[in-house]
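Indexing begins at 1, ligand by ligand and atom by atom, following the structure's order.
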Amino acid sequence: MKVCRNLTAVFTVCWAVLGCLQAVTLEVNEGNSTCIKAELSASLSITYVSSNSSRTVSVPLPDSASVDAANSSCGADGSPAQLVAAFGAGHALGLSFSTNGSVYSVRNLTLRYNLSDASLFPEASSSGVVTVTNDSVEIWAPINTTYRCMSPTTIVASGDSVTFSRMKLEAYMPGNDLSPAESVCTADQSTTPATPTTAGTTTTAAPAPTPPGAPERGTYSVKDSNGTECLLAQMGLQLNVSYVSQSQNKTVQELFNLTPNLTSWSGSCGASRATLVLTQEPTLTLSFTFTMNTTTNKYRLSGMGLQANWTDMAAPFSASNASLDFLRSTLGHSYMCNAEQTLQVAPAFSLNTFRLQVQPFGVKTKQFAAAEECQVDQDQMLIPIVVGAALAGLVLIVLIAYLIGRKRSHAGYQTI
Ligand SMILES: *[C@@H]1O[C@H](CO)[C@@H](O)[C@H](O)[C@H]1NC(C)=O
Ligand SMILES: *[C@@H]1O[C@H](CO)[C@@H](O)[C@H](O)[C@H]1NC(C)=O
Ligand SMILES: *[C@@H]1O[C@H](CO)[C@@H](O)[C@H](O)[C@H]1NC(C)=O
Ligand SMILES: *[C@@H]1O[C@H](CO)[C@@H](O)[C@H](O)[C@H]1NC(C)=O
Ligand SMILES: *[C@@H]1O[C@H](CO)[C@@H](O)[C@H](O)[C@H]1NC(C)=O
Ligand SMILES: *[C@@H]1O[C@H](CO)[C@@H](O)[C@H](O)[C@H]1NC(C)=O
Ligand SMILES: *[C@@H]1O[C@H](CO)[C@@H](O)[C@H](O)[C@H]1NC(C)=O
Ligand SMILES: *[C@@H]1O[C@H](CO)[C@@H](O)[C@H](O)[C@H]1NC(C)=O
Ligand SMILES: *[C@@H]1O[C@H](CO)[C@@H](O)[C@H](O)[C@H]1NC(C)=O
Ligand SMILES: *[C@@H]1O[C@H](CO)[C@@H](O)[C@H](O)[C@H]1NC(C)=O
Ligand SMILES: *[C@@H]1O[C@H](CO)[C@@H](O)[C@H](O)[C@H]1NC(C)=O
Ligand SMILES: *[C@@H]1O[C@H](CO)[C@@H](O)[C@H](O)[C@H]1NC(C)=O
C-alpha cells in the first residue's frame with residue numbers, strides 16, 4: 001500500500017491567548033484516491049513536570065505538520081483508518097476512524113509528545129515520549145458528508161487537551177475532495193450565522209447605536225474527560241471595543257452584549273491552568289485563561305483574548321493579553337462580584353462584567369464553593385451597616401438627651 005502525503009498551509013489565524021493557530025490541510029491517500037482529508041487548526045495544551053513545578057504549555061499544530069505515512073492508513077486491509085500528523089522532534093496527533101456503513105466516527109484521538117524536546121518543554125524533569133488517548137471523542141457524521149465545526153472543540157486526553165477550531169473533516173471519502181454535503185456540529189448549530197446580533201451591525205450612516213443596557217446573565221461550564229464539571233461560570237458580559245468602522249471611515253467605540261442563548265462554549269481544565277472559550281458564531285470568540293499558583297493555592301484570571309469580525313469592521317478585530325491579574329481568589333473558593341467590574345484587556349478592548357461568579361479550579365458536585373467577594377461588593381455591603389450604626393447612634397443620643405431633660409424638669413418642680 002502506498003500512502004502519499006500532502007500538506008498545505010492555507011491561512012494563519014491568531015487565536016487568542018493560545019497563540020497563532022495555523023490552519024493545516026492533511027490528506028491520507030491510497031493509490032490515486034484520497035480517503036481521509038482534514039482542514040483544521042489545532043492547539044495542544046500539555047502539562048508536564050519541570051524541575052520544581054507543574055507547567056502547562058500551549059503548542060499550536062504547526063503548518064510544518066505532515067501526514068506520517070507509515071502510521072496513516074485508509075483501513076483497506078483490515079487495519080483501522082487512521083490519520084497521523086507528525087511534527088517537530090517526534091510529536092504527533094492521530095485520529096482513528098471507524099464506520100458501520102452509514103455513519104463514520106472518530107474512534108479515538110492520540111497525542112504523542114517528546115519531553116526531550118527542550119524547545120517546547122523547557123526544564124522538563126523527565127524525558128522520553130508520552131502518549132495520551134481519548135477513546136470517547138464525539139465526532140461523527142453520515143458517510144459521504146463532511147463533518148464541519150467552526151467553533152472551538154476541546155478534547156481532553158489525561159491531563160492534556162487538544163482544541164480544534166475551523167475544522168472540516170471527512171473519512172471514507174467517495175471522491176478526492178471533501179463532500180459538499182456537510183454535517184454541522186451542535187456547537188455551530190446553536191447560533192444563527194445569517195443574523196449576527198452584534199451592536200456593530202447597524203446599517204450605513206445609522207445614528208450612534210443606543211447603549212445596549214445591562215447584559216443577560218449566562219451560565220457556562222466545562223467538563224473534564226470523565227464528564228464531570230470542572231469549571232463553572234455565571235456572568236453577564238459586555239464588550240467595549242474600539243475599531244475602524246467601514247461605513248464611517250473612522251475609529252468608533254461600541255458596547256456589545258453577549259447573548260447567552262446564542263453563545264456556545266468549550267474549554268479545558270488542568271491542575272494549574274483552565275480555559276473557557278465563548279463563541280457567538282460566526283463573528284466572535286472570547287477566551288478566558290485562569291491560572292493557579294500551586295505554591296500559594298491562589299488563582300486568577302491571567303489571560304483573555306477576543307476575535308471579532310463584525311460586518312462594519314474595516315478589518316477583523318483581534319486583541320489579547322496573557323499577563324492579566326483579575327478575579328483573584330483561593331483554591332476551594334469561587335470568586336464573586338455582583339457589582340459591575342471593568343477588566344481592561346488591551347487599549348482597544350475592555351470587558352464589563354455583571355453579576356459574576358466563577359470557579360475554574362477545585363469544583364466539586366457541580367456547585368460553586370463558598371465565594372470570596374470583590375471589594376466593591378464588600379463596600380456596598382458596608383453601607384447599610386454604617387447607616388444602621390449611625391441611626392442607632394442618633395437614637396441613643398436622642399434618648400439620652402430626653403432622659404437628661406426629664407431629670408432636669410423633675411428637679412425644677414421640686415424647687416417650687
Ligand atoms: C493513477 O493515475 C494514473 C494516471 O492518471 C494511472 O495511470 C494509474 O493507473 C492510476 N493508479 C491507480 C491505482 O488507480
Ligand atoms: C527548586 O527546588 C530547589 C530545591 O529542591 C531549590 O533550591 C530551588 O530554589 C527551586 N527553584 C525554584 C525556581 O523555585
Ligand atoms: C509510527 O511508526 C513508527 C515506525 O515508523 C513506530 O515506531 C511508532 O510506534 C508508530 N506510532 C504510532 C502512534 O503508531
Ligand atoms: C485507537 O483506535 C484504533 C482503531 O480502532 C486502535 O487500533 C488503537 O489501538 C486505538 N488506540 C488506543 C491508544 O486506544
Ligand atoms: C526526542 O527529542 C530528542 C531531542 O530533540 C531527540 O534527540 C529524539 O530523537 C526525539 N525522540 C523521538 C522519538 O523522536
Ligand atoms: C450505524 O451507527 C449509527 C449510530 O450509531 C446508527 O444510527 C445506525 O443505525 C448504524 N447503521 C448500521 C447499518 O448499523
Ligand atoms: C457514498 O457515495 C458513493 C459514491 O458516490 C456511493 O457509491 C455510496 O453508495 C454512497 N454511500 C452512501 C451510504 O450513501
Ligand atoms: C476520572 O475518573 C477516574 C476514576 O474515577 C480518576 O482516576 C481520574 O482522575 C478522573 N479524571 C479526571 C480528569 O477527573
Ligand atoms: C478615509 O479617511 C482617510 C483620511 O481620514 C482618507 O484618506 C480616505 O480616503 C478615506 N477613505 C474612504 C473610503 O473614504
Ligand atoms: C434568547 O432569549 C431571549 C430572551 O430570553 C428570547 O426572547 C429569544 O427567543 C431567545 N432566542 C433563542 C434563539 O433561543
Ligand atoms: C506563586 O506565588 C509566589 C508568592 O507570591 C511567587 O513567588 C511565585 O512566583 C508564584 N508562582 C507562579 C508560578 O506564579
Ligand atoms: C470578515 O468578514 C468579511 C465580510 O463580512 C469577510 O469577507 C472576511 O473574509 C472575514 N474575515 C475573516 C478573517 O474571517
> Any side-chain to backbone donor/acceptor pair from Asn240 onto Phe349? Under 3.5 Å, distance only.
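It does not hold such a pair.
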> Say whether Ser102 and ligand 6 are in contact under the criterion: heavy-atom distance to a ligand atom below 4.0 Å.
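Heavy atoms of Ser102 do come under 4.0 Å of ligand 6.
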> Who pairs with Ser96 by side-chain contact (heavy atoms from CB on, under 4.5 Å), at least two apart in sequence or on another chain?
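Per chain and number, Ser96 pairs via side-chain contact (heavy atoms from CB on, under 4.5 Å) with Gln82, Arg107, Asn108.
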> Using a strict 4.0 Å cut-off to heavy atoms of Asn144, name the atoms of ligand 7 that fall inside it.
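Listed by number with element: 1 (C), 2 (O), 3 (C), 8 (C), 10 (C), 11 (N), 12 (C), 14 (O).
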> Strictly by disulfide bond (SG atoms under 2.5 Å apart), give each pair with a member in residues 250-325 just once, sequence neighbours left out.
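Residue pairs passing disulfide bond (SG atoms under 2.5 Å apart), neighbours aside: Cys230-Cys269.
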> One pair per line, please: each N/O atom of ligand 11 matched with every protein N/O atom under 3.5 Å away, atom names first, then the distance to 0.1 Å.
from, atom 1, to, atom 2, distance (Å)
ligand 11, 2 (O), Asn293, ND2, 2.2
ligand 11, 11 (N), Asn293, ND2, 2.9

> Hey, is CZ on Arg328 packed in by over 12 heavy atoms from elsewhere, all under 6.0 Å?
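Open.
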> Which pairs count as side-chain hydrogen bond (donor to acceptor under 3.5 Å, both in side chains) when at least one residue sits in residues 86-95, sequence neighbours excluded?
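Found His91-Asp117.
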> Between Thr145 (side chain) and Ala181 (backbone), is there a donor-acceptor pair under 3.5 Å?
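Not confirmed, Thr145 side chain does not pair with Ala181 backbone.
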> Can you label the angle between the Tyr172 ring and the Phe97 ring as parallel, tilted or perpendicular, going by 30° and 60°?
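Perpendicular, since the angle between the ring planes exceeds 60°.
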